[in-house]
Amino acid sequence: MNRLSGSKTADLLTSDSCPVCKNYISVRFFEPAPQPLATLGWPETADEAKAMTRLSLDFKQCLSCNHVWNTSFSYDAIPYQINPSRMYNDGSIWQGHMVDTRALLLERVKDAPTVIEVGCGEGHFLRALADLFNDDGRFIGFDPDGSGESGKGLEFFARVFDPLFDVERFKPDLIVMRHVLEHLTRPLEFVQKLAWASGAIEKPLWFFAEVPCIDKVFEAGRLSDFFYEHPSHFSSRSFRTLLENVGDVVDFQTGYSGEVIYALARVLPQDYQASQVTRTESFFERSKESISFIKVQLRNLALSGKKTVIWGGTGKAAAFINLFSANSEDFPWVVDSDETKVGYHVPGAGQLIRSPREIKSDYIDVVIIPSQWRARDISKQIRRMQFSIGQILIEHQGKLVDFQKEEHPY
Ligand SMILES: [Zn+2]
């Protein structure tokens with residue numbers, strides 16, 4: 001195992017986690033002097049250009065997936081709504097690349113598809129894709145910039161695509177996202193939400209994504225790739241890592257001489273999510289029923305006039321007292337085995353926390369022990385103190401149960 005010097009290991013930690021894999025260990029990658037916007041500024045005079053605000057570039061690289069990102073990036077510095085993003089794409093090799101990727105989509109996606117392009121810009125790619133399908137299908141473009149040619153001849157929405165809302169609404173067969181993920185500060189959030197949303201439609205959903213690739217940058221030591229508008233820079237490894245959150249990565253290729261990476265993935269809601277959702281929903285519903293039921297049990301106990309002691313005054317016990325409204329009028333007696341807590345009051349409810357030694361009576365009807373896992377120890381302590389009790393109650397499966405007589409795992 002290679003060891004680093006002490007000063008180096010300290011440098012590795014960053015307070016930011018990798019936007020792709022959430023790993024917290026990253027290293028300084030590139031920290032040039034602050035620079036102006038490179039593609040979204042559009043200054044109209046030389047003076048305006050020279051006076052442009054300089055923005056911080058603090059690129060780190062994740063040691064787990066190789067992703068590079070600007071930890072000083074802020075969306076507020078980018079005038080997406082005002083200035084269009086213009087991408088020159090008339091070169092013949094680039095056009096050839098686009099033809100190749102469209103052919104890949106035609107091969108995979110069924111006839112008459114509903115296709116959404118997220119960040120479609122002026123819509124060239126989507127329109128050409130519609131031509132390839134002989135306009136048979138529905139072709140929908142999203143782009144917050146609605147100026148210029150955007151959306152001409154397409155079903156177009158001048159807003160940000162929201163996977164949670166729009167997947168269910170449009171029920172697409174294919175979502176295309178070309179040169180957009182590198183603009184997001186939270187690409188993982190986007191793809192996870194997309195996978196989640198795909199659970200709402202009962203047909204296959206394909207996701208095609210393409211981003212600039214920095215694999216060559218490492219070898220060539222190239223620096224001008226790193227400008228402000230791209231907070232995220234994908235290596236082929238970090239891109240694959242990201243897409244594995246979407247489902248099955250079916251095609252994964254580099255194109256345009258290795259300068260871009262693109263992939264087609266079959267979007268799948270994760271199985272664990274579906275089963276976990278069912279469990280969580282039932283916990284959520286049951287929690288409401290449990291609170292009402294135990295409140296009624298406590299109310300009846302208070303009305304019965306039985307001498308009741310709650311054993312424990314902080315932590316789980318305080319949570320119990322507040323959750324189930326075991327108020328100080330109905331349940332004035334709260335004791336705690338921990339003498340350091342004695343003399344304080346129960347947070348929220350206000351009962352004085354007493355020492356068990358203060359229990360004067362030699363017979364207590366009911367002891368409630370909110371910390372189930374301590375009930376065994378507490379019942380031993382009660383026996384040692386030589387007063388007798390009618391019943392010990394603990395919370396289990398939505399009700400208060402008799403610790404000595406009923407079934408429970410404690
Ligand atoms: Zn990472």
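- Side-chain atoms of L301 and F331, non-hydrogen and from C-beta on, do get closer than 4.5 Å to each other.
- A donor-acceptor pair under 3.5 Å is absent between the side-chain atoms of R357 and the main chain of M385, judged by distance alone.
- In the displayed structure, K399 atom NZ is contacted under 6.0 Å by at most 12 heavy atoms of other residues, nucleotides or ligands.
- Residues satisfying the salt bridge (Lys or Arg N to Asp or Glu O under 4.0 Å) criterion with E44, sequence neighbours excluded, are absent altogether.
- In summary, the aromatic rings of H233 and F59 are positioned with their centroids under 6.0 Å apart.
- For the ring pair (Phe, Tyr, Trp, His ring centres under 6.0 Å) test, residues two or more places apart in sequence or in another chain that qualify with F161 are F142.
- Taken from CD1 in I369 to CD1 in I392, the straight-line distance is 4.5 Å, to the nearest 0.5 Å.
- Taking every heavy atom of both residues into account, S232 and P19 meet most closely at OG-CG, 4.1 Å.
- Using a 4.5 Å cut-off on side-chain heavy atoms (C-beta onward), P370 and I310 make contact.
- Between A209 and L181, the shortest heavy-atom distance links the atoms CB-CD1, 3.8 Å.
- Applying the ring pair (Phe, Tyr, Trp, His ring centres under 6.0 Å) criterion to H67, with sequence neighbours excluded, gives F234.
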With a cut-off of 3.5 Å and sequence neighbours excluded, list every side-chain donor-acceptor pair involving residues 402-410.
from: D402; atom 1: OD1; to: Q404; atom 2: N; distance (Å): 2.9
from: D402; atom 1: OD1; to: K405; atom 2: N; distance (Å): 3.2
from: D402; atom 1: OD2; to: Q391; atom 2: NE2; distance (Å): 3.2
from: E406; atom 1: OE2; to: D402; atom 2: N; distance (Å): 2.9
from: H408; atom 1: ND1; to: Y410; atom 2: N; distance (Å): 3.0
from: H408; atom 1: NE2; to: F403; atom 2: O; distance (Å): 2.8

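- In this structure, the side chain of N23 does not engage the main chain of C65 through any donor-acceptor pair within 3.5 Å.
- For the residue pair D338 and T340, a side-chain donor N or O sits within less than 3.5 Å of a side-chain acceptor on the partner.
- Within the structure, salt bridge (Lys or Arg N to Asp or Glu O under 4.0 Å) contacts touching residues 230-246 (residues at least two apart or in different chains) do not occur.
- Looking at heavy atoms from C-beta onward, L129 lies in side-chain contact with L174 at the 4.5 angstrom threshold.
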- [ ] Evaluate side-chain contact (heavy atoms from CB on, under 4.5 Å) for W311 paired with S337, printing each intermediate quantity in order.
- [x] CA-CA 8 Å; W311 207 288; S337 305; 2.8 Å; yes
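- Every salt bridge (Lys or Arg N to Asp or Glu O under 4.0 Å) that R108 has, sequence neighbours left out, goes to D251.
- Atom CD1 of I214 and atom CG of D225 lie 8.0 Å apart (nearest 0.5 Å).
- Within the structure, side chain to side chain donor-acceptor pair (under 3.5 Å) pairs that include any residue of residues 368-379 comprise K316-Q372 (at least two apart or interchain).
- With a 6.0 Å radius and a threshold of 12 heavy atoms from other residues, nucleotides or ligands, Y344 has its OH atom at or below the threshold.
- Between the side chain of Q61 and the backbone N or O of N66 there is at least one donor-acceptor pair closer than 3.5 Å.
- Nearest heavy atom pair, residue P144 against residue V160, reads CG-CG2, 4.0 Å.
- Aromatic ring orientation, H230 versus H183: perpendicular (interplanar angle above 60°, classes split at 30° and 60°).
- Side chains of P231 and Y75 form no contact here, defined as non-hydrogen atoms less than 4.5 Å apart.
- Here salt bridge (Lys or Arg N to Asp or Glu O under 4.0 Å) pairs that include residues 274-301, with residues two or more places apart or in two chains, are E285-K288, R299-D330.
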TODO: Take V167 and I116 through the side-chain contact (heavy atoms from CB on, under 4.5 Å) test and state the conclusion after the steps.
DONE: CA-CA 9 Å; V167 167; I116 290 178; over 6 Å; no
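- Rounded to the nearest 0.5 angstrom, E31 CD and N70 CG are separated by 9.5 Å.
- Residue K110 qualifies as enclosed at atom NZ: its count of foreign heavy atoms under 6.0 Å is above 12.
- Formation of a donor-acceptor pair under 3.5 Å by the Q351 side chain with backbone atoms of V334 is not found in this model.
- When all heavy atoms are compared, the tightest approach of K60 to S26 is CB-OG, 4.0 Å.
- In the displayed structure, R169 atom CZ is contacted under 6.0 Å by more than 12 heavy atoms of other residues, nucleotides or ligands.
- In this structure, the ring of Y228 has its center no less than 6.0 angstrom from the ring center of F226.
- Looking at D143 and F156, their side chains come closer than 4.5 Å, going by heavy atoms from C-beta outward.
- K22 NZ to Y24 OH: the interatomic distance, rounded to the nearest 0.5 Å, is 6.5 Å.
- Taking CD1 of I394 as the start and CZ of F320 as the end, the distance is 10.5 Å to the nearest 0.5 Å.
- With contacts defined as side-chain heavy-atom distances shorter than 4.5 Å, the pair F207/S198 does not qualify.
- Applying the 6.0 Å contact sphere to CZ of R186 captures no more than 12 heavy atoms from other residues, nucleotides or ligands.
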Could you list the donor-acceptor pairs under 3.5 angstrom formed by side chains in residues 258-269, with sequence neighbours left out?
from: E259; atom 1: OE1; to: R222; atom 2: NH2; distance (Å): 2.9
from: E259; atom 1: OE2; to: R222; atom 2: NH1; distance (Å): 3.2
from: Y262; atom 1: OH; to: Q253; atom 2: OE1; distance (Å): 3.0

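- Residue pairs that meet the side chain to side chain donor-acceptor pair (under 3.5 Å) test with at least one member in residues 207-218, sequence neighbours left out, are H97-E210, H179-E210, D215-S236.
- Pairs of residues two or more places apart, or lying in two chains, that qualify as salt bridge (Lys or Arg N to Asp or Glu O under 4.0 Å) and include a residue from residues 190-205 are D173-K203, E189-K193.
- Screening residues 130-141 for salt bridge (Lys or Arg N to Asp or Glu O under 4.0 Å) gives R138-E155 as the qualifying pairs, with residues at least two apart or on separate chains.
- Within 6.0 Å of CG in N300 there are more than 12 heavy atoms belonging to other residues, nucleotides or ligands.
- The side-chain heavy atoms of K307 and W333, taken from C-beta on, include no pair separated by under 4.5 Å.
- Closest approach of C62 and W69 over heavy atoms only: N-CZ3, 3.7 Å.
- No side-chain heavy atom of L352 sits less than 4.5 Å from a side-chain heavy atom of E358.
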Task: Worked check of side-chain contact (heavy atoms from CB on, under 4.5 Å) between F208 and R178 - done: CA-CA 8 Å; F208 175 83; R178 299 176 56 257; 3.9 Å; yes
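- Nearest heavy atom pair, residue G350 against residue H345, reads O-CD2, 3.0 Å.
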Open item on the list: side-chain contact (heavy atoms from CB on, under 4.5 Å), that's the test. Do L400 and L298 meet it? Break it down for me.
Closed with: CA-CA 9 Å; L400 295 174; L298 288 173; 3.7 Å; yes
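- Taken to the nearest 0.5 Å, the CD1 atom of I140 stands 12.0 Å off from the CD atom of E117.
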